[in-house]
Number of protein chains: 2
Amino acid sequence: MAARHEEIAEALRRAIDREDYTVGSLLPPETELAARYGVSRGTVRQAVATLTAEGLIGSRQGARRVVLAGRRSQSFAELRSFAQWARAMGREATGRVITQEWRTATAEDRVRLQLDQGARVLHVLRLRGLDGRPVLLERTVYADWISPAVEHIETDCPSVTQRLLDDTGLVFAYGEHVIDAVAAGARDAELLAVRRTSPLLRVRRVTTTREGRPVEWSDDRYRPDAVSFSVHNSIGNNALARKTAE
Amino acid sequence: MAARHEEIAEALRRAIDREDYTVGSLLPPETELAARYGVSRGTVRQAVATLTAEGLIGSRQGARRVVLAGRRSQSFAELRSFAQWARAMGREATGRVITQEWRTATAEDRVRLQLDQGARVLHVLRLRGLDGRPVLLERTVYADWISPAVEHIETDCPSVTQRLLDDTGLVFAYGEHVIDAVAAGARDAELLAVRRTSPLLRVRRVTTTREGRPVEWSDDRYRPDAVSFSVHNSIGNNALARKTAE
DNA sequence: GTGGAGCACTTGTCTGAACAAGTTGGCCTC
DNA sequence: GAGGCCAACTTGTTCAGACAAGTGCTCCAC
């Protein structure tokens with residue numbers, strides 16, 4: 001937290017959290033904020049742009065900014081790591097590898113992970129829990145170049161992301177997530193302790209490095225009674241998109 | 001499309017689409033783009049910031065920008081209107097009101113829509129289809145101040161959003177969406193033509209005006225074989241957040 | 001050849017200024 | 001009182017310049 005505009009964004013977030021600015025009320029004009037924090041208007045604009053992207057405030061040319069929502073989970077690394085997300089909530093994440101095996105990359109693997117013909121990939125089936133209760137079943141395929149580092153992680157490591165960062169310096173920087181619903185199969189039902197055919201929230205995702213290189217892709221199935229996803233969208237910010245089948 | 005930075009963003013989008021810049025390749029430096037388009041560096045930065053937020057390109061201090069993904073559904077009003085989304089894909093959206101009735105706002109309605117005790121709200125159950133096939137079941141509650149305008153819309157109006165814009169000038173500007181999965185109930189199953197207990201993708205959402213005033217809230221259930229959601233996230237842009245139950 | 005130092009390049013941060021465009025509320029007229 | 005016009009205010013856009021910070025490459029010494 002060095003950049004001045006980040007400090008100001010954080011100060012405003014806290015002020016909204018503290019209800020100095022209540023939902024529906026108006027934020028002070030940019031010029032006033034600039035004077036208050038002793039920065040130029042451009043820096044203030046950078047700060048409020050962050051909050052707008054987060055969905056905390058709304059913005060219209062000519063009118064003062066409006067506070068749209070209060071206390072929002074400050075999702076930083078939230079989506080990139082189950083364990084970090086759990087810790088941020090004060091809950092304990094567990095993880096257990098059910099099966100792990102090397103396979104030759106299929107055509108789908110090669111496309112998603114940008115691999116050459118014949119590359120060997122690591123398939124991992126991992127069950128994850130929150131405060132001891134099973135919540136998520138991950139079927140992950142790791143690219144050939146990272147698989148050796150994944151292979152020797154203990155089977156009950158709670159945070160693979162953290163472990164890979166410590167061991168190899170790898171940062172998960174970008175992710176593309178496709179969300180839908182599926183009926184629990186026999187294996188899903190057994191491991192997640194739900195009835196077969198019971199609805200599960202499925203997230204298929206690809207994670208890449210900061211350089212844009214795909215690291216892994218995964219089919220994650222959540223118990224919908226334990227976890228849901230929340231998305232904010234507005235005219236300017238639209239990370240979420242509806243998609244039709246294929 | 002007046003603003004220069006939007007034009008530049010669009011030009012870059014098209015260039016990526018045309019594969020002038022292929023996935024994994026590097027974008028020209030800001031200074032070069034600035035010279036090419038005859039604008040200052042700040043304007044170029046605004047343009048590439050848009051593409052970064054859209055997940056098209058990745059950015060790290062010191063290194064050239066990387067193209068992360070090609071052709072992305074340009075979701076503009078996509079989430080705000082089922083009909084507009086369908087039209088953008090070249091598909092035909094249909095809509096049919098199944099039931100419609102006035103009720104006194106419950107405590108939950110009052111909280112979500114910021115209404116006073118005793119306010120009357122309009123509950124609408126609407127079945128929506130894509131190319132004739134049922135795809136989505138919407139259970140929507142409209143705030144008292146907009147309900148009269150909704151009440152007299154024909155029951156088979158394909159785009160309620162467009163209709164409200166035409167009739168009252170109302171713009172749906174912001175939305176908060178919570179996504180999970182549920183099993184189809186008897187009514188869901190009958191109307192969506194799926195088996196009972198079959199998994200559905202549920203989106204509960206609140207829509208607000210540009211001023212931040214809630215207009216409607218809705219429980220939408222999609223056939224997961226027809227529609228899914230796609231989300232992009234990165235270090236800088238995180239509109240999506242995981243949530244635990246309650 | 002390997003490691004490290006250094007340098008050129010590129011993106012990130014910030015300023016101060018100016019004008020454009022949209023909103024809001026008050027005032028004036030009818 | 002209703003309606004329209006206007007003026008003050010606020011956000012959006014753009015510029016040119018400066019420095020900070022991180023990356024990636026070359027080159028040199030060992």
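Since the model is a prediction, treat every value here as computed from it, not as a measurement. Throughout, protein chains are lettered first and strands after them, A, B, ... in sequence-line order, and every chain is numbered starting at 1.
- Contact of the F172(B) side chain with the L164(B) side chain is registered, since non-hydrogen atoms from C-beta on lie closer than 4.5 Å.
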* **Letter per nucleotide, 5' to 3', of nucleotides 17-25 of chain D [B base touched, S only sugar-phosphate touched, - untouched; heavy atoms, 4.0 Å]** => -B-BBBSS-

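- Across all strands, R45(B) comes closer than 4.0 Å to base atoms (heavy-atom distances).
- Aromatic ring centres of Y222(A) and F229(A): separated by under 6.0 Å.
- The side-chain tip of R91(B) does not point at the ring of W85(B) from less than 6.0 angstrom away and within 45° of straight on.
- When the side chain to side chain donor-acceptor pair (under 3.5 Å) test is applied to R64(A), no partner is found at least two apart in sequence or on another chain.
- Along DNA chain C, read 5' to 3', the first and last nucleotides having any atom under 4.0 Å from a heavy atom of chain B are dT10(C) to dT13(C).
- Computed from coordinates, the L27(A) CG to dC9(D) P distance equals 19 Å when rounded to whole Å.
- Closest of all the heavy-atom pairs between I57(B) and V48(B) is CD1-O, 3.7 Å.
- Looking at residues two or more places apart in sequence or on another chain, you find no side chain to side chain donor-acceptor pair (under 3.5 Å) involving T50(A).
- Here dT13(D) is the nucleotide among dT13(D), dG12(D), dA16(D) with the atom lying nearest to any side-chain atom of Q46(B).
- Put simply, CD on E32(A) is 12 Å from C1' on dT10(D), counting in whole angstrom units.
- Distance L33(A) CG to dT10(D) C1': 12 Å, rounded to the nearest Å.
- At dC15(D), one or more side-chain N or O atoms of T43(B) fall inside 4.0 Å of OP1 or OP2 (strictly under the cut-off).
- Partners of E92(B) according to the side chain to side chain donor-acceptor pair (under 3.5 Å) rule, which considers only residues two or more places apart in sequence or in another chain, do not exist here.
- Residues satisfying the side chain to side chain donor-acceptor pair (under 3.5 Å) test with Q61(A), not counting sequence neighbours, are none.
- Within 4.0 Å of T31(B), counting heavy atoms only, lies no atom of the nucleic acid at all.
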